[in-house]
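Bear in mind that the values here come from a model prediction, so they are computed numbers and not experimental data. Both counts, for ligands and for their atoms, begin at 1 and track the order of listing.
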Amino acid sequence: MRVNTNDGKMKNIKVATKTCSYEILIGRNILEHISLFLNQHNGIKSISIVTEDRVAKYHLTNLLKILKQNKLSPNILVIRPGESAKSWSNIKKVTEWLISKKVERRDFIIGLGGGVIGDLVGFSASIALRGIRVIHVPTSLLAQVDSAIGGKTSINSIHGKNLIGTFHQPAFVLSDVSMLRTLRKRDFRSGYGEVVKYALIKDANFFDWLEKQDFSNLQRNEEKLTYIVEVSSQIKSMIVEKDETEQGIRALLNFGHTFGHALEAATGYSDRLLHGEAVALGSCLALNLSNKLNLIDQEQILRIEKHFVSSGFKTKIKQLPGENIDLNLLMNLIYQDKKVTSNQLNLVLLNKIGEGILVKDVDPENVKNVLLESLK
Ligand SMILES: NC(=O)c1ccc[n+]([C@@H]2O[C@H](COP(=O)([O-])OP(=O)(O)OC[C@H]3O[C@@H](n4cnc5c(N)ncnc54)[C@H](O)[C@@H]3O)[C@@H](O)[C@H]2O)c1
Ligand SMILES: [Zn+2]
């Protein structure tokens, strides 16, 4: 990973995995760099953009204008937004559409949107013609700090979330933080849940910095957003470089996720609990479990919970709106998580702020107790 910090406005992170290398550009009002990137590639016959209604409303016109100025006229497909878009039917729709547009393997497909578009478009790009190059233009905070980096693509199975997918690294990622201005506040906060996760598992100084910020002003402070996306992208890239297909250290990125996924499933992947909100709540559960196993101390846990609360997150399951959630249901869902091997519960916990650790074969009684305390 190489970071160029010479330019005060724009940051450039180079990700080099075993299979490929690509660049992440981060900054404000930097969308025009997409044309600069495309102009470096001769012989592109077509460019295709896949996006969704909400994102298209705010950002498609600008992207088209920039491409047009560079004499590029893309194919455009706009789908319906929402998690349910990550489906077999949309994989078919996007892939057949690409083929109908006679794309070639050297062409590019641009995914313009949040994590849903990134996961869907990445998947289609990986199977159409056995692999077309994909450019991610992530438009949500979650997608900029997380899903656009690392090459995991997915759709949802009837048996669970993200269970079908491929690894397909992007050719280029352009994270324009100015695009985050149009996000609903709650979607912005959801992405912030992942930002805090990075700080907790890998970077205590970053956590100190985050703690000092006024969360309510962050979404409009593009300088600070650039810093947040940059540090988060660096941590994610560094981990992906070391472990592209999640055989080891990449598991750390699942901090808060085993609990979080169970809570998302228990609330029906609905507006009751967004992904990043589930991660924040799941992080609180993982922290209490860490403490039970004599890892992180109570004082640090209080600090972290305070930060989650001041950013508007819920820190206990009982604070969630709607019907009570059943303990046994949660335990069953936790055991269905991908991180369970041979019925052993392996969880990412915290030694201290900035130091995540994978703990194998956790005693389910401890997990149950932590859930019980959060439910009452
Ligand atoms: N591939 C990975 O490594 C990875 C990692 C984390 C999450 N994910 C996946 O990402 C998805 C969640 O991502 P998400 O939170 O971005 O969801 P999303 O794509 O549904 O976006 C959230 C909401 O924000 C809206 N939106 C996006 N950008 C906007 C903008 N600039 N202005 C206004 N509204 C905008 C969307 O229309 C949507 O309503 C999940 O499906 C999750 O599984 C994948
Ligand atoms: Zn996540």
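Listed by number with element, the atoms of ligand 1 under 4.0 angstrom from any heavy atom of E52 are 36 (C), 37 (O). Of all atoms in ligand 1, numbered sequentially from 1 with element shown, those under 4.0 Å from a heavy atom of K236 are 3 (O). Atoms of ligand 1 found under 4.0 Å from any heavy atom of R54 (numbered from 1 in listed order, with element): 25 (C), 34 (N), 36 (C), 37 (O), 39 (O). Of all atoms in ligand 1, numbered sequentially from 1 with element shown, those under 4.0 Å from a heavy atom of K161 are 40 (C), 41 (O), 42 (C), 43 (O). The contact set between ligand 1 and N162, taken as ligand atoms under 4.0 Å from a residue heavy atom, comprises 43 (O). Counting the atoms of ligand 1 from 1 in the order shown, those under 4.0 Å from a heavy atom of D187 are 22 (C), 23 (C), 24 (O). Of all atoms in ligand 1, numbered sequentially from 1 with element shown, those under 4.0 Å from a heavy atom of V55 are 26 (N), 27 (C), 28 (N), 29 (C). Remark: ligand 1 atoms within the under-4.0 Å shell around heavy atoms of K86 are 9 (C), 40 (C), 41 (O), 42 (C), 43 (O).
Looking at D119 against ligand 1, only its side chain comes within 4.0 Å, counting heavy atoms. When heavy-atom distances to ligand 1 are checked against a 4.0 Å cut-off, Q144 has no atom that comes that close, whether in backbone or side chain. Contact annotation for T182 and ligand 1: heavy atoms of both the backbone and the side chain come within less than 4.0 Å of the ligand.
In this structure, of L183, D176, V116, I117, the residue bringing a heavy atom nearest to atom 35 (C) of ligand 1 is L183. In the candidate list G113, G82, S140, S140 is nearest to atom 16 (O) of ligand 1, counting heavy atoms. Of the listed options G115, A85, A56, G115 places a heavy atom closest to atom 17 (O) of ligand 1. For the residues H59, R186, E83, E264, the heavy atom positioned nearest atom 41 (O) of ligand 1 is part of E83. For atom 31 (N) of ligand 1, the nearest non-hydrogen atom from the set M179, K152, R250 belongs to M179.
Atom CD of Q69 has more than 12 heavy atoms from other residues, nucleotides or ligands within 6.0 Å. Sparse packing is recorded around CG of N324, with 12 or fewer heavy atoms of other residues, nucleotides or ligands lying under 6.0 Å away. The environment of Q298 atom CD is dense: over 12 non-hydrogen atoms of other residues, nucleotides or ligands sit within 6.0 angstrom. Within a 6.0 Å sphere centred on CD of E223, heavy atoms belonging to other residues, nucleotides or ligands number 12 at most.
For ligand 1, one of its N or O atoms has an N or O atom of R184 under 3.5 Å away. Considering backbone and side-chain atoms alike, Y58 places every N or O at 3.5 Å or more from each N or O of ligand 1. Remark: ligand 1 and H275 share no N or O pair separated by less than 3.5 Å (distance only, no angle test).
A salt bridge does not link K306 to E211: none of the charged side-chain nitrogens sits closer than 4.0 Å to a carboxylate oxygen. Remark: R303 engages D208 in a salt bridge, criterion side-chain N to carboxylate O under 4.0 Å. A salt bridge does not link E194 with K236: none of the charged nitrogens is closer than 4.0 Å to a carboxylate oxygen.
A donor-acceptor pair under 3.5 Å is absent between the side-chain atoms of N70 and the main chain of L72, judged by distance alone.
Heavy-atom separations between H257 and ligand 1 are all 4.0 Å or longer. Using a 4.0 angstrom heavy-atom cutoff, E194 does not count as in contact with ligand 1. For R181, the heavy-atom gap to ligand 1 stays at 4.0 angstrom or more.
The CG atom of L252 sits 5.5 Å away from the CD1 atom of I249 when rounded to the nearest 0.5 Å.
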Test side-chain hydrogen bond (donor to acceptor under 3.5 Å, both in side chains) applied to T182 and H59, step by step: CA-CA 9 Å; T182 53; H59 302 291; 2.8 Å; yes
Evaluation steps, side chain to side chain contact (heavy atoms under 4.5 Å, CB included), between V359 and L289: CA-CA 11 Å; V359 180; L289 182 60; over 6 Å; no
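Clustering ILVMFWY residues whenever any of their side-chain heavy atoms sit less than 4.5 angstrom apart, transitively, puts L285 in the very cluster that holds L327. In the hydrophobic clustering of this structure, V116 does not group with V134; members are Ile, Leu, Val, Met, Phe, Trp, Tyr whose side-chain heavy atoms approach within less than 4.5 Å, directly or through other members. Cluster membership check: I117 does not share its hydrophobic cluster with V55, using side-chain heavy-atom separations under 4.5 Å among Ile, Leu, Val, Met, Phe, Trp and Tyr.
Listed by chain and residue number, the protein N/O/S atoms under 2.8 Å of the Zn ion (ligand 2) are E194 OE2, H257 NE2, H275 NE2, with waters left out.
Applying the ring-ring contact (aromatic ring centres under 6.0 Å, His included) definition to pairs two or more places apart or across chains, those involving residues 26-45 are F37-H41, F37-F108, F37-F172, H41-F108.
Of all protein heavy atoms, the one lying nearest to atom 28 (N) of ligand 1 is T139 OG1, 2.8 Å. Given atom 21 (O) of ligand 1, the protein heavy atom at minimum distance is G114 CA, 4.3 Å. Ranking the protein heavy atoms by distance from atom 6 (C) of ligand 1 puts D146 OD2, 3.5 Å first. Remark: minimum distance from atom 4 (C) of ligand 1 to any protein heavy atom is reached at S147 CB, 3.2 Å.
Ring centroids of Y198 and F206 are separated by 6.0 Å or more, keeping the two rings apart.
For the 3.5 Å distance criterion, the side chains of D187 and S140 fail to qualify, holding no donor opposite an acceptor.
A side-chain hydrogen bond (donor to acceptor under 3.5 Å, both in side chains) with E373 holds for exactly one of K292, K318, K316; it is K292.
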